[in-house]
Structure formats: structure tokens, C-alpha cells
Amino acid sequence: MTAQILDGNALAQELRASFKERVAALTAKGHKPGLVVILVGEDPASQVYVRNKVNACEAVGMHSEKLVYPADVAQSVVMEKIAELNADPQVHGILVQLPLPKHFDEEAVLEAIAAAKDVDGFHAENVGALAQGNPRFIPCTPYGVMKMFEKGNVDLSGKEAVVIGRSNIVGKPMALLLINAGATVTVCHSRTKDLSFHTRRADIVVAAVGKPRFVTADMIKPGAVVIDVGINRLPADQGGKLCGDVDFEGCKAVAAQITPVPGGVGPMTITMLLANTIEAAERNAQQEAGR
Ligand code: GUN
């Protein structure tokens, strides 16, 4: 068997084309969607992610701003800026790029963002709504994965799903989304005793581990759907290329459907950030119209 490739680039393009129309409609009514991205420090990977987010907004006609602070900035300075943005009617989405420098209380910063502008879906109120099965903002990466399942006609109801990774950004919200869709979900992580025992019986495997080619073909049940959330750079002596958490070549021969890296989940993450920001602007416009 050779797996069908779930193409994130193609789906991202399709969705972004439809966003242009929604942005144009909002802009015509005086509600141009606006996203502010806050970056603290000079982490090179974060700089690339933030630049890509801002450029993607502009490509669909949204307003976007990047605010950069030095790594040693006081938390109170960022908190004051967030309070200002919460009150700014032109700003529909606020995103603080993670990780933050060590002297920051990450949770306090995320809680300071107005829940209605929390387009990352990391505020406790939004996490709670997702856990209750009534999501308001869904974290962008797992949201993108759900869109890929939909596009690939992957039926989740009654399926055995294994999520590898328990982060607040990917693993936990991914597990909640799969539960809400009717899957039987196992969350594995660094303390899991026998990972292969779990993955070998899974119909769906989502890998969010952060280790290059960690998931190998022998860990996958024939006919499974394999989703690779990892973005790792191989060392220079191995070619320096980007690769995922899944051994793509090996797993492709066993799985029924698989996402590549690059060109799989990656482009969907920013796409769903745009979706959440447009959604925030639409809700805001509706509220104003009802006043
Ligand atoms: N760092 C890595 N992924 C993310 C994300 O989805 N949102 C934010 N804010 N920071 C991140």
C-alpha cells in the first residue's frame, strides 16, 4: 500500500481564497479584521513564525501589526500593551508568540488577553469551552488537523486515536477535539511505558513530539491515518533539511493517509489563525449591528 498524501498547502490555499471574500465583505462594512502579534526576544524560529503570520494576514487583505520587545522587557510593559489592545476596537485578535522569556509568567500573560480576542484559543475560558464541547476559539494547529481530516473524508466516530504529546498548544486540545468528534482517545507522552503498544492499535496517530522521524513504520497499523505535527531541522551532517516527527518514507508504505513535512499541518496552522481572526471580527460586527 502507498498512502494518500493529505496536502496541507492545497487545502490552505483553498481556504485562504475563501477568506479573501469574507475579509472584503467585513472591510466594506467598516470592520476590517485586525491581528496584533507580540514577540518578546529574538528566538530565530519565533521570528520566522511571526513574520509568516503577519504576511499571511496581509495576503488576504487583513490588517496586521507586529510588536517586538527586547528579551529583558518587564512583564508589566507587555501587560499594559495587552490592556490597551483589549480596548482597541480595530484589533480583533491578539497573539503572544510562545515561548516567552523565563522571567515571564506565561499563564498570567495569556489570561490578560480578552477571551473574545484570544485567537490562539489559549485563554482558560476558551480552553474550558473546548473541553465542554462548545468551542469559541480552537487552537490553530489542532484546528488545522481537524480541517485536514474533513478534507480527507476521515471518519473519526468510533475510531481509536492516539495523540503523542500532551502540550497545551497541540496535544491536549487535539485530544479534546478528537473526543468531541466521537473518537476513543489515548494521549501518550514522554512517561508512557510502551508507546508502540498504543500506536500499533490506533486507526489515527497524531504525532506532536518534537523529535525527528520518531514515529517509525513498525509503530503503525496498516491502513491507519498518520498526522505529523512536527517541524524539526536535521543536523547539517544529515542534510540540514526540515523533517517531521514521523519517518515519512517508511510510514507512507503502511498508512492509508499521511501528512508530509513540509506541506502538511504547517501551512494549516497559520490558515486557522486567519480563520479565528476573521471569526472574531465577524462576531464583533454582528454584536455592533445588534446594538
Ligand atoms: N509557539 C508555537 N506554536 C505557537 C502557537 O500556535 N501560538 C503561539 N502564540 N505561540 C506558539
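What you see below is based on every heavy atom in this structure, not just the backbone, and it leaves out hydrogens, waters and symmetry mates. Quick caveat, the model's predicted, so the values are computed rather than measured. Whatever order the structure lists them in is the order used to number ligands and atoms, beginning at 1.
Within the structure, the closest approach of Leu95 to ligand 1 falls below 4.0 Å when heavy atoms are considered.
Contacts of Leu98 with ligand 1, taken as heavy-atom pairs under 4.0 Å, involve both backbone and side chain. With a 4.0 Å heavy-atom cut-off, ligand 1 is reached by the backbone of Val96 but not by any atom from C-beta on. Contacts between Tyr49 and ligand 1 below 4.0 angstrom, taking non-hydrogen atoms only, are absent altogether.
Glu106 is listed as a side-chain neighbour of Leu98, based on a closest heavy-atom distance under 4.5 Å. At least one side-chain heavy atom of Met62 sits less than 4.5 Å from a side-chain heavy atom of Thr277. The shortest distance between side-chain heavy atoms of Val226 and Thr259 does not fall below 4.5 Å.
Under the side chain to side chain donor-acceptor pair (under 3.5 Å) criterion, the residue pairs touching residues 225-234 are Asn232-Asp245, with sequence neighbours excluded.
Considering all non-hydrogen atoms of both residues, Phe248 and Pro260 come closest at CE1-CA, 3.7 Å.
The nearest heavy-atom contact from the protein to atom 5 (C) of ligand 1 is Asp120 OD1, 3.9 Å.
A salt bridge links Arg136 with Glu125: at least one charged nitrogen is closer than 4.0 Å to a carboxylate oxygen.
For ligand 1, the polar-atom distance check finds no N/O of Thr141 at less than 3.5 Å from any of the ligand's N/O atoms.
Distances below 4.0 Å separate heavy atoms of Gln97 from the following atoms of ligand 1: 1 (N), 9 (N), 10 (N), 11 (C).
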